Structures are given as C-alpha cells and as structure tokens.
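Inspection log for the structure reproduced underneath, given as structure tokens.
All chains are named by letter (A, B, ...) in the order of the sequence lines, taking the proteins before the strands, and each is independently numbered beginning at 1. None of the values given here were measured: they were computed from a predicted structure.
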2 protein chains.
Amino acid sequence: MGESDATQHTAEGAGPSRIQRRNRARIIEAALDVFSQHGFRGATLDQIAERAGLSKPNILYYFTGKEEIHVTLLNQLMDRWLAPLRRLDPDGEPLEEILTYVRRKLKMSQKYPRESRLFANEILQGAPRIAPHLEDDLKPLVDAAAATIQGWIDAGRIAPTDPRHLIFSIWATTQHYADFEAQVGVLMEGRAATDGAERFLTTLYTRMLRSDQG
Amino acid sequence: MGESDATQHTAEGAGPSRIQRRNRARIIEAALDVFSQHGFRGATLDQIAERAGLSKPNILYYFTGKEEIHVTLLNQLMDRWLAPLRRLDPDGEPLEEILTYVRRKLKMSQKYPRESRLFANEILQGAPRIAPHLEDDLKPLVDAAAATIQGWIDAGRIAPTDPRHLIFSIWATTQHYADFEAQVGVLMEGRAATDGAERFLTTLYTRMLRSDQG
DNA sequence: GTGGTCTTTTACCAAATGGTCAACTTAACG
DNA sequence: CGTTAAGTTGACCATTTGGTAAAAGACCAC
C-alpha cells in the first residue's frame, strides 16, 4: 500500500540492505505464525516481536504499525494463492486440467496451512483489508476460469454444471483440511487424512465431471 | 461449565426470573453478533454491552466473564449444529438420505450464518474452547454416520468412497457459503448464490454417489 | 407502604497493548 | 580509524479492556 517502497530507511538509489532483508523476512515469518493463529485483533506486537527475536520498537522500525505487517502478509499471500488458478489451460484436456487444479490447491493447503488460515480469518471477518484485492485480482481471474470451464461444457467435454459453484466447491473442500485441521484431526485420529483426501477429491470431481452425463 | 445452574442469583427452588431470561437472551444474541464477526479475542465486552442495550457491569452480573458468554454460545450451537447428522437414517434410501442431509446443512448455513462463522472461528483458532465437545459429542456421531454410509457402500447401494471424507466435503461445501460470504458475494455479484448452491450440490453428490459406479 | 431481594449503575482499577522517543550501539566505507 | 548513517533498545505514554466494589434503584410479597 502507499508508496510501497521498502527503501524508506536507506539511500535513494540502493535497495534494502542485507540487514533489512533479513529482519523484514523474520518479522513476516513470525507475523504469519501469530496472525494465522489468533487473527488480526487477537495477535499482539509483543508476540510477533518475541517470535521474530526482535524488540517491539525494532519491529516498528521496519513497519509503520501492526496493520502494515498484516497488509504486507496478505499481499504476498494473494500472489501465491491465485497461481494455481492462473495455470488452468483452456487448451488442455478438461477433466485433467481441473483435477490438476484440485491437486495443486490441496497441496497448497497442506504445505501452507498458515497462509490458508490467515486468508480464512480475513474473509471470515468480512475481508476488511483484502476486499480491493478480491475485486481487482480475484474476480477477473475467476471470471476467466469460469468462461474456460463453460467453454468445455458447451463443447460437451465435461458434464454441465455451474462453473462458479464448481470453483467454490474446490476451494471449500481443499482448504477445509487446513482451516479445520483441529476438527479433522480429532475425527481422523490414526487414519492418514492427507492421502485419503487426494484420492477422495479425485474421485469426487471425476464422477462429477465425466462427460457421459447431463 | 461448572455448576451450570442458571439460578445463581435467584432463590433455590425457583427458576430464572422473567428479567433474567430476557436479559440473558439479549446478551447471548448480542454476543453472537460480535463474536461471530470479530472472533473471541477481537470481541469486546463493551461492544456486546452496547448491542445488548445493557451496561458492561450489568452483563457481568449475568455472566461471570467474557469466556463464559463464549462457552455458553458454543454449547448452544453444538446442539443445533449436530442435529442434521443425527437424522441420517440407516433404513432410508441411501442417496436420498445423503441429499437430504446436504440440503439441511446448506439451509442451516443460510439461516444461521453467524453460528457458522462462530464455529469456524473457534476451529480456526485450534478449537481451544470446544475441543472436548468434538471428542465427546461430534466424534461418536461421525463414527456412527460413517458406519451407516459404509454399510450402504458394502450393500452396493451407493458408489464406494471414504465416508469420512464424504462428510468433510459436505461440511466444507455447505458452510463455505456462510463462512466465505464476503468472497462469494464479490464473485457472484448479481447472480443468486443461494439457489445455485442447492442445485449444484444436489448434482455434485448425485453424480458422486450413484451406485452404477465403482 | 415497608422490608428484603433482585437488578442496575457510577466510579474505579490493574493489566495489556499499540506506539513513540531519545539515547545508544553497530555496520559501512573512504 | 574515524565519521556518518543504519539499526537497536530501555523507558515511557495514552488508550483500551476485562473486571470489581459499593451504593442506588426497581421490584415484589406481605
């Protein structure tokens, strides 16, 4: 947001110093831990400072406030989050494309559960800080993906359904394993949730989309 | 928790007074608003007090603290939340039973979005206050439901799949419309999300479970 | 209406929290 | 090695927040 220039403390021409890069990275990493676990209002600068191994004033030397840390985190997150959807290829084999998308989404949930929870927290709270991103970045992407899927349906290459609800269901089912881990853990004790999830979702979307239906 | 007796202020034999019932209800209602929107730590007693139309000390006359309000809310929620799953009838027509369950779950999301978000917040945070309920109430219910579904699969009446992941996917897809409403709203502008959701989910689970697959 | 109980409020507190500032230390570089 | 800018910190502050004490007010049975 704002000037978005990280060189606020260094000379004009040069980029951020070695120390700046290291400490900013530490803060972001610590903040991801804390924000994803407690939400924005539940997180404290003291917690972030402790986890980052820095003093609180030192953190405020690198970021102008709690809010800026959170916004920075969300901005970084959006890029990574939208990447899989960008790779949906209109020229690919439809079912294979969608299944690949499902698997990528699921892997992201498993590899980056904190990011998933951070995002979930933000949306749950009504997206107060990320709403512009949803309009500007996410919506066009979803519109494009929906058009691609609709094209496949019109060509009779996958079974007809509402593309947008299809996308929602993929998000919901994949992110569920990260966002509701506390619940999944209790109910799947002993069983391997991860392997089962990929097999289940592959089956679900294969049966849903095979083109000999309608 | 504790004695769980609401008559802490009234005479031994009698139940809670008319005023107690009214004010407790107001507090619970206000707290549902505030907790579901901001999470436990993000909510303040002042916000709850204002929305309830009572003073803060007056609220603490009816509840011993912020935590007790939250726990009371979660306890009430669990009953309503688990009801649909209890109605899954092993002797019913399998596909119809599951579709009915899906529709009931979806209707609950639409009718009680605040409750859905309250629950999502709690689980996201690691279920610190509701973990016992998950073990004691939810788990046995899910075990029973999974057994019922497995029975249907073994009898060849629905297509084979993992019952537990099936249940997770139903929760995820239905609650998504309440918990991620801020996102769904942006992406579905103009379109009617509600109607589309029921049709989509009916199609999804019909195709998933029709017994001529394996 | 009077006595006693239930309910509500005013005033207050201690702890937590986001943030500031001036002084101090460390790194960079000619 | 000395000077300058970058980086760090202890002390501090204002506000918010969960919670308390005690007195005042409302309600009810008699």
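With hydrogens and angles left out, the side chain of Lys56(A) and the base of dG18(C) share a donor-acceptor pair within 3.5 Å.
Looking at heavy-atom distances under 4.0 Å, Ser55(B) makes contact with a base. Heavy atoms of Ala43(B) sit under 4.0 angstrom from primed sugar atoms or phosphate atoms, though from no base atom. Among the atoms of the strands shown, only primed sugar atoms or phosphate atoms (P, OP1, OP2) are found under 4.0 Å from some heavy atom of Leu45(A).
Contact annotation: Arg41(B) reaches the phosphate of dT17(C) (side-chain N/O to OP1 or OP2, under 4.0 Å). Contact annotation: Gln20(A) reaches the phosphate of dG7(D) (side-chain N/O to OP1 or OP2, under 4.0 Å).
Nearer the 5' end of DNA chain D, as judged by each residue's closest nucleotide, is the contact made by Asp46(B), out of Ile19(B) and Asp46(B).
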Take Ser116(A) and Tyr177(A) through the side-chain hydrogen bond (donor to acceptor under 3.5 Å, both in side chains) test and state the conclusion after the steps.
-> CA-CA 10 Å; Ser116(A) 186; Tyr177(A) 292 98; over 6 Å; no

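Comparing the local axis fitted to the first five base pairs of the helix from dG1(C)-dC30(D) to dG30(C)-dC1(D) with the one fitted to its last five gives a bend of 20°, rounded to 10°.
To the nearest 0.5 Å, the span separating OG1 on Thr173(B) from NE2 on His165(A) amounts to 11.5 Å.
Salt bridge Arg199(B)/Asp195(B): absent, no basic N to carboxylate O contact under 4.0 Å.
When distances run from any side-chain atom of Tyr62(B) to the nucleotides dT20(C), dT7(C), dA28(C), the shortest one goes to dT7(C).
If you measure from atom CG of Asn58(B) to atom C1' of dA11(C), you get 16 Å, rounded to the nearest angstrom.
Geometrically, Arg41(B) does not engage Phe40(A) in a cation-pi contact defined by less than 6.0 Å to the ring centre and at most 45° from the axis.
Here the closest non-hydrogen pair linking Ser169(A) and Tyr205(A) is OG-OH, 2.7 Å.
A distance-only check finds no donor-acceptor pair linking the side chain of Arg51(A) to the backbone of Asp33(A) [under 3.5 Å].
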